[in-house]
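This report concerns only the one structure given below.
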Amino acid sequence: MILNSLNPAQQEAVRAPLGHQLVLAGAGSGKTRVLTHRIAWLVENEKIAPSRILAVTFTNKAANEMRARIEKMLHVPAKSMWIGTFHGLSHRFLRAHWQEAGLPQSFQILDSDDQFRMIRRVIHALNLDEDRFPPKESQWFINAQKEECREPHQVEVRDFTVQTQIRIYQAYHEACLRAGVIDFADLLLKTYKLLLTNAELRAHYQDRFRCLLVDEFQDTNTIQYAWLKLFAGDSNSVMIVGDDDQSIYGWRGARIENIQRFSKDFAGARIIRLEQNYRSTGTILKAANALISQNAGRLGKNLWTEGKDGEPITVYAGFNETDEAFFIVNRIRELKQKSDHVLREMAVLYRSNAQSRVIEEALMQFGIPYRVYGGLRYFDRQEIKDALAYLRIIANRSDDPAFERIINTPVRGIGDRTLVSIREHAKSHALTLWDALLQLIEQKHFSTRAETALLSFVNLINTMTERTLALELHKQVEYVLYASGLIEHYRKEKGEKGLTRLENLEELVNAAHQFSQDGVTDDMPPLAAFLAYAALESSDEQADAYDDCVQLMTLHSAKGLEFPVVFLAGCEEELFPHYLSMNDPKAIEEERRLCYVGVTRAMRKLYMTYAEVRRTYGKEAYHRPSRFLHEIPAELIDEIRFRTKTARLGNHAQAYSSGTGGNHFTTAAETQNAFRVGQEVRHRIFGEGIVLDCEGDGEDMKVKVRFANVGTKVLIASYLSAK
DNA sequence: CGGGAAAAGCTTTTT
DNA sequence: GCTTTTCCCG
């Protein structure tokens, strides 16, 4: 096997003898290459059978990528290898051992939306006040308990509130059992519990998997750690790869301590550091190192590069968020025109989604194509979930969440009253909604009108099931779309929205077709396999990634990606670090790691921008520049200001004045005279308008202008000229 | 049952 | 302030 392309540290990790290893892989240090090479090495040099390797990642994307790379390296399909997410692998395990796990063979997976609805229903059924016990909180509580491996009876009762939450957890647990559905956390928990209690199975799997590898280990939570330990047993080799400095998911249960714990629990673990960075310039790495060195209790790591220092980091102090957005957009235009940068090489990163709007508007005004990552995913769309709910009911009549969803969608005259009586009957007789419905019909419980509607529903589902039995998967889906009336229903929905929905539904037929062609259904019935795929594989729409678009996303979704040019927007106290993290030193450290992630996304050029005034939740707020800006050595920064009087970065300002190339906007500001209300003005982009209001004076002046074509906007005086 | 008015959010997200 | 969800009534 050729390892020439790897540096000494990478080679050390790849060729390490069997046994435990902790690879601390800095940003851009070639961590994925090490993982894939390691697996290939195990197969080729250590003669480990592919079926005895277990590799875990956090996202499907990472898992698919890893599998593809390994297949390319080994020139054989890696089908027998267990490569996947914690959830995906747990699912595979539970499908194989559904009986031992006490699940129906046709068990379905609940996504968080289904889970939410189900919990809300449980809260109502317990006659609890939704305002005192919001379903969101219960959902959070239940998931947190499951992530700590605690079943309802194992939760410590601290006070009345917790006691009630436990009741909700218990009732939800029973409802899931009855409906034959399990949520995401259950996939892990049930796998863990089964392995823990069933010695025979445990022995089998511990004997099978000789080598276990985990990517992004800093993101593991308590149950994932326990899960891994159980699969690993005492005699197998475990390699974990991670970076404590990139742990940004503490808020959803990730335990950064798991990395430290690993060295204790897995005896003789060797630590290998990957610190050579192949992504960023020296300047960017120096900034990142300085920033993260402010955090306490790190395992310690210093990124370096053989490459050049490159350009300084540009810090821009915007007047307000619109000004900030225009700065970014102007720079994007310049880069596009003057250099060879294409738009897709530029990314705008921000702390929270709400920030994207202003930037999008600015991009739109200049006609620059862009793409916002992290919107509603395909399988989460309403119309898709409707269609899937029909398929779920076909596969499993007891799927209550699916039943609730489609009983009156499209509307077929089954009202809330009818539904409530079905729910009550189900609850008092411990039945599924479907069975309760059948019983009530038999008992002649309903009015003639309701009964007709209900009977036609029951017939519809039964007919669908019979008719689709022999059909191929995509034909099955197609049949259901029409027979359910969903196509007709969304055709009636007027406007763009309805059209998109129809397109999405048609796409579902294609998706099913594609799915069955790709094969790999793991001896599950195709429909069940497809439903599981829809629940577990969130399918990020990479389809149009080839379009040349500026990339917009949150810092969280940027993890793992890289861009030649990065704009890090909104570098202000209260926004970044976020005000909800301000009082907790641990949370501040996580924010800092988030900043570190953002900085290390940049390959050649990094811009960091902030606004002095920002409108949030309807209020205008003045914020100081982010502390993270101060934590980056001044000599790495070139600050651009639209005015010269005061330094933006407070006490550290003097050092910044040595920067080159700044002051782009000074000339305009200095020659600017004050505007007065009623004056006619001109803006380079917005055209002509009338001054409605002025605030402040001189170059600091905020001017409200009503433009002839684009409406009313507040701008800084320096962007305006008298007509 | 649909549409409009009122009210409720409002940090980060994968599975 | 703006957008999404819920609620209420014709």
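To find a chain, count down the sequence lines: A is the first, B the second, and so on, and within it residues start at 1.
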Whole-Å distance between dT14(B) C1' and H556(A) NE2?
-> 12 Å
Assign Y579(A) to base, sugar-phosphate, or nothing according to its heavy-atom contacts below 4.0 angstrom with the strands shown.
-> sugar-phosphate
Look at all strands and tell whether T616(A) reaches a base, only sugar-phosphate, or nothing, counting heavy atoms closer than 4.0 Å.
-> nothing
At under 4.0 Å, does any side-chain N or O of N353(A) touch on OP1 or OP2 of dT11(B)?
-> no
Closest nucleotide among dT12(B), dT13(B), dC1(B) to the N408(A) side chain | dC1(B)
Partner of dT6(C) by Watson-Crick or G-U wobble geometry, both contacts under 3.5 Å, or none?
-> dA5(B)
Hey, does G413(A) reach any base, or is it just sugar-phosphate, or nothing, if we go heavy atoms under 4.0 Å?
-> sugar-phosphate
Between E360(A) (CD) and dC2(C) (C1'), how many Å, whole number?
-> 14 Å
Grab the CD-P distance between Q108(A) and dT15(B) for me, whole Å please.
-> 18 Å
Can you check whether any acceptor in the base of dT15(B) is under 3.5 Å from a donor in the side chain of S112(A), or vice versa?
-> yes
Ignoring backbone atoms, test whether N60(A) places a side-chain nitrogen or oxygen under 4.0 Å from the OP1 or OP2 oxygen of dT15(B).
-> yes
Taking the six-membered ring for Trp, does H87(A) stack with dT15(B) (centroid gap under 5.5 Å, planes within less than 30°)?
-> no
Can a side chain N or O of N143(A) be found less than 4.0 Å away from OP1 or OP2 on dT15(B)?
-> no
Taking the C1' atom of each, how far is dT6(C) from dT11(B), in whole Å?
-> 24 Å
Which residue, R412(A) or A354(A), contacts DNA chain B at a nucleotide closer to its 5' end, judged by nearest heavy atom?
-> R412(A)
Side chain of R351(A) (C-beta onward), nearest among dC2(C), dC1(B), dT12(B) = dT12(B)
Does Y617(A) place a side-chain N or O at less than 4.0 Å from the phosphate oxygens OP1/OP2 of dT11(B)?
-> yes
Would you mind telling me which residue lines up with the more 5' stretch of DNA chain B, F184(A) or E591(A), judged by nearest nucleotide?
-> E591(A)
Separation of dG1(C) atom P from E361(A) atom CD, nearest Å, is 16 Å
Assign F58(A) to base, sugar-phosphate, or nothing according to its heavy-atom contacts below 4.0 angstrom with the strands shown.
-> sugar-phosphate
Stacking here means centres under 5.5 Å and planes under 30°; does Y249(A) stack on dT13(B)?
-> no
Assess whether side-chain contact (heavy atoms from CB on, under 4.5 Å) is satisfied between C595(A) and M608(A), documenting all intermediate values.
-> CA-CA 10 Å; C595(A) 189; M608(A) 297 175 85; 4.2 Å; yes
Mind checking D183(A) for me? I need base, sugar-phosphate or nothing, with any heavy atom below 4.0 Å counting as a touch.
-> nothing
Which nucleotide, in any strand shown, forms a Watson-Crick or G-U wobble pair with dT13(B), with both distances under 3.5 Å?
-> none
Indicate whether OP1 or OP2 belonging to dT14(B) is found under 4.0 Å from a side-chain N or O atom of R377(A).
-> yes
What is the nucleic acid contact for R120(A), judged by heavy atoms within less than 4.0 Å: base, sugar-phosphate only, or nothing?
-> sugar-phosphate
Quick one: sort the F530(A) and Y533(A) rings into parallel, tilted or perpendicular, breaks at 30° and 60°.
-> parallel
Figure out the NZ/P separation between K136(A) and dT13(B), and round it to whole Å.
-> 14 Å
For the residue pair V358(A) and E321(A), what are the closest heavy atoms and their distance?
-> CG1-O, 3.6 Å
For F217(A), does its backbone N or O pair with a side-chain atom of T220(A) as donor and acceptor, under 3.5 Å?
-> yes
Calculate the interatomic distance between D113(A) atom CG and dT5(C) atom C1'; express it in whole Å.
-> 13 Å
Whole-Å distance separating the CZ atom of R615(A) from the C1' atom of dC10(B) | 16 Å
When you check the phosphate oxygens OP1 and OP2 of dT13(B), does a side-chain N or O of S557(A) lie under 4.0 Å from one of them?
-> yes
Give N221(A) one of three labels, base, sugar-phosphate or nothing, depending on what nucleic acid heavy atoms sit under 4.0 Å from its own.
-> nothing
Starting from P on dG9(B), measure out to CD on E137(A) and report it in whole angstrom.
-> 10 Å
Please assess N143(A) against Q115(A) for the test side-chain hydrogen bond (donor to acceptor under 3.5 Å, both in side chains), listing each intermediate value before the final yes or no.
-> CA-CA 10 Å; N143(A) 288 333; Q115(A) 185 188 41; 2.9 Å; yes
Assign Q224(A) to base, sugar-phosphate, or nothing according to its heavy-atom contacts below 4.0 angstrom with the strands shown.
-> nothing
Would you classify L536(A) as touching base, sugar-phosphate or nothing, given that sugar-phosphate means primed atoms plus P, OP1 and OP2, and contacts are heavy atoms under 4.0 Å?
-> sugar-phosphate
With no hydrogens and no angle check, is any side-chain donor or acceptor of Q246(A) less than 3.5 Å from a backbone partner on Q218(A)?
-> no
Donor-acceptor under 3.5 Å (D113(A) side chain, D380(A) main chain) | no
